[in-house]
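Letters A, B, ... mirror the listed sequences (proteins, then strands); counts begin at 1.
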Amino acid sequence: MTNLIDLTLSDLVKKIKSKEISSKEITSVYIERSNKSKKLNTYVEQTFDEAIKNSEKFDNNPNFNKKLSGIPLAVKDLFCTKNVKTTAGSKILENFVPTYEATVTQNLWNEGAILLGKLNCDEFAMGSSNETSYFGNVISPIDDNLVPGGSSGGSASALAAKLTPATIGTDTGGSIRQPASFTGTVGLKPTYGSCSRYGIVAFASSLDQAGPMTRDVKDCALMLEVISSFDPKDSTSINFKRPNYFSDLNKNIKGKKIGIPKEYRVDGMPTEIENLWEKGKTYLKDCGAEIIDISLPHTNYALPAYYIVAPAEASSNLARYDGVKYGFRADGENLIDMYEKTRSLGFGDEVKRRIMIGTYVLSSGYYDAYYLKAQKVRKLIKNDFDKVFNKVDAILTPSTPSSAFKIGDKTNDPVSMYLNDIFTVPVNLAGLPGISIPAGLDKNNYPLGLQIIGKPFDEQVILDIAFSMEEKINFKLKTNDWWIK
Amino acid sequence: MSKDQYIIEKNENKYEVIIGLEVHAQVLSESKLFSTSATKFGSEPNTQVSLVDAAFPGMLPVINEFCIRQAVKTGIGLNAIINKKSIFDRKNYFYADLPQGYQISQYKDPIVGEGTVVLDLPSGPKTIGIERLHLEQDAGKSIHDVDPGSTLVDLNRSGVALMEIVSKPDLRSPEEVNLYIKKLRSIMRYLGTCDGNMQEGSLRADVNVSVRKLGSDKLGTRCEIKNVNSIKFMQMAIEYEANRQVELLEEGNVVDQETRLFDTKKNQTRSMRSKEDAHDYRYFPDPDLLPLVFDNQFIENIKKEIPELPDQKKNRFIEKFKLSPYEATILVSDLDTSKFFEKVIEKSDVKLSANWITGELFALLNENNLEINESPISPENLSKLINLISDGTISGKIAKTIFEIMSKEDKDPNIIVDEKGLKQESDPKALEDLIQKVLSSNKDKVNEYKSGKDKLFGFFVGQVMKESKGKGNPQIINKILKEKLNG
Amino acid sequence: MPLINYHMSIDLKTVKHISKLSRISIDDQKAKKLEKDLNAIFKWIEQLNQLNTDKVEPLTSIAETTLRFRKDQIESKNIREDILKNSPKDNKDYFVVPKVVE
Ligand SMILES: [Mg+2]
Ligand SMILES: [Zn+2]
């Protein structure tokens with residue numbers, strides 16, 4: 001029998017349901033391994049004692065009709081969890097304990113999952129390397145000086161290091177797909193409006209979506225099925241008939257038309273990525289899909305537009321962190337002084353930089369030149385996708401323009417850091433679903449991912465395509481547990 | 001140029017005052033605009049605050065349909081354009097009682113567009129333009145005077161729905177402002193969209209004031225006086241501010257466009273913020289909300305709920321009841337007054353009822369500083385009193401006595417008449433006896449009368465009345481007296 | 001049609017103004033660093049000016065639906081204790097902040 005820790009989520013669910021293993025058994029295995037993996041700095045809050053208690057409670061009175069019966073899970077610390085500290089990776093929320101639960105995490109617990117703890121992330125999800133967290137950077141299990149990507153870096157790292165059988169992250173400009181790509185795991189950003197934003201610490205409201213991060217595509221479908229729901233508490237949540245992503249998952253993609261956008265062939269992209277992309281096309285053809293060359297002419301403008309829209313929304317979303325109601329407060333002589341000191345000491349440099357960008361682009365005299373312009377560009381990008389989706393069922397691209405980089409490599413050059421999200425950001429701007437699956441390794445043996453982009457609410461289509469490709473790619477994530485020794 | 005124009009004269013220059021109002025009217029609703037907490041006034045601090053109202057991380061707004069209907073209803077009452085698509089924006093600024101760090105409001109695309117309100121000026125009707133009406137959230141309350149070192153914040157109000165009603169700069173005097181606010185309040189109370197209670201802050205206004213030389217058609221620089229919460233203070237603030245601006249101009253200075261506060265202790269306006277720290281609200285569409293869209297049917301359904309409004313009611317009173325425009329205006333100005341009136345006239349004479357309500361009853365209420373719905377005399381009992389006069393049971397004079405008694409104890413006037421024996425004496429036989437008695441004891445006066453001193457007739461009436469202890473029916477007394485004296 | 005390609009440079013004064021609007025105090029050294037960073041970022045952002053968007057409608061919301069309405073019902077109870085629990089200054093009735101100076 002394989003090691004328990006190596007079981008995928010869906011296998012684990014089966015084994016618990018067939019009573020081959022107990023919830024406490026598997027919970028203890030994950031806790032033990034997590035305890036040995038402090039070096040990766042993935043957890044900001046551990047709820048191990050509670051988890052053991054909950055697993056015992058499950059075992060004493062098991063309900064096997066749930067989708068995640070007795071499964072321990074750690075989640076990104078951007079989800080508010082009732083009575084469990086929630087920080088969003090920021091000093092300004094250092095001691096914040098919500099009295100409420102995010103809808104997506106509640107969906108997990110409703111299906112029988114058990115909280116293991118909260119995973120590190122870039123501060124307020126602003127970053128692509130998990131180096132902006134107040135609680136220190138996260139290390140990738142791939143290599144000891146490598147970033148796991150961001151902002152769901154703690155989630156990606158914990159998943160790849162097998163400290164949780166699956167996890168959820170949030171994706172505003174690539175924060176699920178880019179770290180998944182960097183760590184050889186699967187990450188899906190659902191269509192905007194699929195997963196409720198209620199109880200998720202907001203970064204950029206019109207772009208944020210929660211999504212699953214898993215070891216394989218099957219697990220991804222299972223997790224999506226659990227977390228995707230219509231929520232009346234979120235005005236942007238969309239009420240549509242959600243498929244049974246997990247039970248409907250299949251490899252029949254014969255006749256599907258897959259677009260290859262020429263604009264994603266960018267200068268300086270390593271040939272390994274180019275080759276991987278070619279290989280992806282071959283696999284798809286082998287599965288009976290049709291490859292079609294397409295054009296998304298405004299792709300280049302997505303990233304600069306994103307760096308107007310996202311900071312603008314963030315500057316306003318983060319105004320509530322003012323030291324009055326919760327979190328960190330610095331002393332001040334008067335109210336304004338208190339505000340200025342609290343926010344100066346409470347936020348990290350990247351967050352402050354983005355608040356400043358956002359404040360500037362919305363300020364009087366600049367709104368039309370920046371914010372309005374960006375919303376128009378966003379429309380053009382959306383139109384690009386709408387047009388090609390008349391011809392194709394999905395789009396295949398690389399997930400990132402490079403593999404994971406070294407810790408500290410890009411911290412002094414914001415723009416080069418931002419460029420990391422060049423392939424993922426257009427998907428958020430257009431509100432589309434996108435999945436990143438591991439597709440191979442580069443010359444340093446660092447994982448590389450391919451991204452499949454779908455039409456709105458076509459998660460099942462991209463999952464099926466990913467499922468078919470996964471079999472052909474046959475990627476095996478190998479880490480030698482170096483951080484444990 | 002009409003007499004009632006408000007003009008400021010200085011150094012032989014004449015100035016007129018241009019006023020525009022931004023009225024904040026609290027929407028009458030059970031729950032808040034974007035959250036499900038209660039809107040009740042006067043509750044314990046922070047007991048009507050949800051996680052949304054206190055802007056906890058991850059909390060999201062969900063709009064209250066009733067508040068939208070209330071805004072549309074008000075728009076219809078203001079004869080305004082209803083916009084089937086409108087957008088909620090964020091107005092960003094930091095303040096202790098603004099937990100989100102922004103107010104959700106409507107900026108470029110409000111729910112209601114241009115409309116009108118008609119004022120009944122002594123010189124005739126005047127139409128005031130409405131620029132727009134939009135929905136927005138109220139802020140919490142900062143309490144500065146309890147704790148010497150700190151400010152306390154109560155968020156009970158935070159998130160309560162407000163309608164901001166912006167007028168065109170069509171108002172020209174403190175008196176017009178008085179009439180405008182009262183008319184607006186009256187319309188909203190008829191509609192049931194705002195209770196108009198200024199003491200509780202349900203209605204307050206930002207007052208924009210500028211002055212210009214009479215005859216000029218160019219608007220001067222305006223100052224905005226923030227958050228004035230009584231009509232009296234609005235009027236005082238306008239007078240002070242207009243005179244301050246005239247003074248500045250006459251001294252060759254310019255008026256700075258700024259936000260000012262009305263200091264109710266000094267009766268002065270003062271500058272609120274330095275220009276350096278001028279607000280930049282960074283409005284942008286709220287990404288947590290989608291466009292607010294409804295169809296014609298939605299508006300049509302609301303139109304069906306619109307009651308008779310003050311102007312219509314006034315016309316009906318004039319046409320149907322033949323009331324004077326003056327009486328009608330007074331009787332419809334307040335919804336409760338009009339209801340009181342209509343209750344009384346269900347069973348009583350209209351003209352007499354109008355007289356008694358606008359006369360005796362209003363005087364009584366004024367004297368005791370009471371609203372009509374606090375009237376010590378119920379409409380039912382007032383109606384009975386009026387009927388006692390109409391059917392001759394009591395005289396107008398006795399009626400006043402009974403009214404006086406009723407004002408202390410809301411009792412059926414029939415009972416008072418019985419108990420106090422105040423019933424009018426209309427039996428000709430009984431009255432004839434009294435008259436005979438008076439004439440017999442005043443023979444000399446009778447002779448004087450008969451020799452031509454007609455004026456003495458009043459004296460005999462008075463004497464008979466006195467004998468009847470005020471209860472004699474004057475018409476019958478007159479009739480018999482005339483027969484006796486002239487016969 | 002000629003496309004505008006300009007860069008509005010952000011000076012130190014602007015940086016300080018933005019920091020004031022954002023209610024984030026910054027010292028001179030930080031301000032200088034930010035001036036440099038922001039200029040680099042905006043120079044990059046302004047490649048958007050190569051694009052003529054005169055006839056493009058801005059995208060206001062990505063979800064192509066309209067606002068859903070809620071019934072006017074009170075569902076939230078008195079949760080004062082929960083609301084004030086995380087507050088940095090202890091008070092059982094109110095949020096407490098330093099004195100506001102007008
Ligand atoms: Mg105003
Ligand atoms: Zn307002």
Among [options], which residue has the highest count of heavy-atom pairs closer than 4.5 Å to chain C?
{"options": "B/Ser37, B/Pro148, B/Pro291", "answer": "B/Pro291"}
{"options": "B/Cys67, B/Gly149, B/Ala96", "answer": "B/Gly149"}
{"options": "B/Glu44, B/Arg282, B/Arg69", "answer": "B/Arg282"}

Can you name the closest pair of heavy atoms from [X] and [Y] and give their distance?
{"X": "C/Val100", "Y": "B/Tyr95", "value": "CG1-OH, 3.4 Å"}
{"X": "C/Arg70", "Y": "B/Phe34", "value": "NH1-C, 3.4 Å"}
{"X": "B/Phe56", "Y": "C/Asp82", "value": "CZ-O, 4.3 Å"}
{"X": "C/Tyr94", "Y": "B/Asp154", "value": "CE2-CB, 3.8 Å"}
{"X": "B/Ala38", "Y": "C/Ile74", "value": "CB-CD1, 3.7 Å"}

Could you grab the distance from atom [atom1] of [X] to atom [atom2] of [Y], nearest 0.5 Å is fine?
{"X": "B/Phe94", "Y": "C/Leu21", "atom1": "CZ", "atom2": "CG", "value": "9.0 Å"}
{"X": "B/Gln48", "Y": "C/Ser76", "atom1": "CD", "atom2": "OG", "value": "9.5 Å"}
{"X": "C/Ile79", "Y": "B/Leu51", "atom1": "CD1", "atom2": "CG", "value": "4.0 Å"}
{"X": "B/Leu292", "Y": "C/Phe69", "atom1": "CG", "atom2": "CZ", "value": "5.0 Å"}
{"X": "C/Thr60", "Y": "B/Asp109", "atom1": "OG1", "atom2": "CG", "value": "9.0 Å"}
{"X": "C/Asn91", "Y": "B/Asn46", "atom1": "CG", "atom2": "CG", "value": "9.0 Å"}

Item to complete: Please test B/Asp97 against C/Phe95 for side chain to side chain contact (heavy atoms under 4.5 Å, CB included), starting from the C-alpha separation and ending with a verdict.
Response: CA-CA 9 Å; B/Asp97 52 27; C/Phe95 294 100; over 6 Å; no
| said: Tell me if the CG atom of B/Asp295 is crowded by more than 12 foreign heavy atoms within 6.0 Å. | reply: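 Yes - once you tally the heavy atoms of other residues, nucleotides and ligands closer than 6.0 Å, there are more than 12.
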For B/Lys85, does the NZ atom sit with more than 12 other heavy atoms under 6.0 Å from it, leaving out its own atoms?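 No, not enclosed.
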### Message
Does any part of the side chain of C/Thr66, heavy atoms only, come nearer than 4.5 Å to the side chain of B/Phe294, both counted from C-beta?
### Response
no
So, the part of C/Gln73 with a heavy atom under 4.5 Å from chain B: the answer is backbone
So, the part of C/Ser87 with a heavy atom under 4.5 Å from chain B: the answer is neither
Do you know which of C/Asp72, C/Asp93, C/Thr65 has the most heavy-atom pairs with chain B at a distance under 4.5 angstrom?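 Counting heavy-atom pairs under 4.5 Å, the top option is C/Asp72.
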Residue among C/Glu81, C/Lys89, C/Arg80 with most heavy-atom pairs under 4.5 Å to chain B
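Heavy-atom pairs under 4.5 Å are most numerous for C/Arg80.
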Region of [X] in contact with chain C, defined by heavy-atom distances below 4.5 Å:
{"X": "B/Thr39", "result": "neither"}
{"X": "B/Leu155", "result": "side chain"}
{"X": "B/Pro45", "result": "both"}

Kindly say whether B/His144 contributes a backbone atom to a donor-acceptor pair with the side chain of C/Lys99 at under 3.5 angstrom?
yes
